Number of protein chains: 2
Amino acid sequence: MQLTREADYAVRCVLYLASAGGRPAAVGEIAEAQGMSAAFTAKILQKLVNAGIAASRRGVKGGFVLARPPAETTLLEVIEAVQGPLALNICVVDRKNCDRNSRCSVHPVWVEVQADMKKKLESYTFERLLNSSPR
Amino acid sequence: MQLTREADYAVRCVLYLASAGGRPAAVGEIAEAQGMSAAFTAKILQKLVNAGIAASRRGVKGGFVLARPPAETTLLEVIEAVQGPLALNICVVDRKNCDRNSRCSVHPVWVEVQADMKKKLESYTFERLLNSSPR
DNA sequence: TCGAAATAGGATAAAATTACTCCTAATTTA
DNA sequence: TAAATTAGGAGTAATTTTATCCTATTTCGA
Ligand code: SF4
Ligand code: SF4
């Protein structure tokens, strides 16, 4: 029931790229700024690129940028890009994962809780996060 | 970001005990009814007893009962009894777990999302679950 | 054109967590 | 006392998490 370190780092990556405002940032730069290992950060950035959240340019002046403006990327997207679709319980994403689902009175609760969570995470764009003063 | 199997089983245990209505149920009975292994179920029931959710009686006519009426036990309590306090991210339960928390704009989001989740899970008592028709 | 700087991707591995099992001791009832 | 039952500790296999490292590819600029 916990966010993976990978997902936390992914959020930090996107946050950094958003604050960089379009200037390509290299893995090393991002990793150092956010206190993460460079090799692991590289892997995460790859996933963000594959998910269409970031874009990369190889070579000398290369690095990573956001593929879309910060207002168009949500926390949910970033999390799902690295740790897959949200799944509070095995039965939520696919009912077939538990054959008790038809007579289970808790199943609908997980569905509801996850929907709430999803909605909230979708409501946080990186523009919004950037403008919120950390406290 | 997923409920452990243990927590899911724990909920099933409590659900079963609630439906048994005060009659002591042995591990084997609970496990069979809910499609869980007996040995693992025994471990989980022990945790529920330690958390004050269930009570046990050893010996021949022994077994497990709920320690309180179903209306007084919530989903949250059962989950926390087996997998510990809810913690959506390392920084939520204790800020010291991440030294970036003071300048992190995402930290408050996790706090908020977890609070929502907690509130919702607290709102589901086992009386409520028992009376809800599974669909 | 070559070399340096950078990402892409695959393989590998250590550590932690999850999901169990098994055994012995203690307790309770008939 | 024998049978039924929980209590608790120890142990274990599988899975997931959290990385690291290596090689290939791309790009820039001298
Ligand atoms: S028992 Fe109910 S809540 Fe648990 S996995 Fe099955 S359907 Fe979902
Ligand atoms: S970076 Fe922010 S969200 Fe992530 S653990 Fe630290 S304080 Fe929490």
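Given the structure is predicted, the values throughout are model-derived calculations rather than measurements. What's counted below: heavy atoms across the whole structure, side chains too, no hydrogens, waters or symmetry copies.
Here B:G28 lies out of heavy-atom contact (under 4.0 Å) with every strand.
Each salt bridge (Lys or Arg N to Asp or Glu O under 4.0 Å) pair with one or both residues in residues 3-12 of chain B, not counting sequence neighbours, appears once here: B:R5-B:D8, B:E6-B:K47, B:D8-B:R12.
Rounded to a whole Å, the CD atom of B:E6 is 12 Å from the P atom of C:dT21. Atom-to-atom, NZ of A:K43 to P of C:dG10 comes out at 8 Å; the value is rounded to the nearest Å.
Proximity note for A:A26 (side chain, C-beta onward) versus C:dT21, C:dG9, C:dA6: the nearest is C:dA6.
Between A:L45 atom CG and A:F64 atom CZ the span is 4.5 Å, to the nearest 0.5 Å. Taking OG of A:S132 as the reference point, atom CZ of A:F126 lies at 11.0 Å (rounded to 0.5 Å).
The nucleotide range of DNA chain D contacted by chain B, defined by atoms under 4.0 angstrom from heavy atoms of the protein and reported 5' to 3', is D:dA3 to D:dA10.
Of the two residues near DNA chain D, B:Q46 and B:G62, the one whose nearest nucleotide lies more 5' is B:G62. DNA chain D is contacted by both B:L45 and A:S37; B:L45 maps to the nucleotide lying nearer its 5′ end (nearest heavy atom per residue).
The closest side-chain heavy-atom distance from A:E127 to A:E72 is not below 4.5 Å.
Partner of B:D94 under the side-chain contact (heavy atoms from CB on, under 4.5 Å) criterion, out of B:V92, B:N97, B:I90: B:N97 alone.
Inspection of the A:S123 and A:R128 side chains reveals an N or O donor paired with an N or O acceptor under 3.5 Å.
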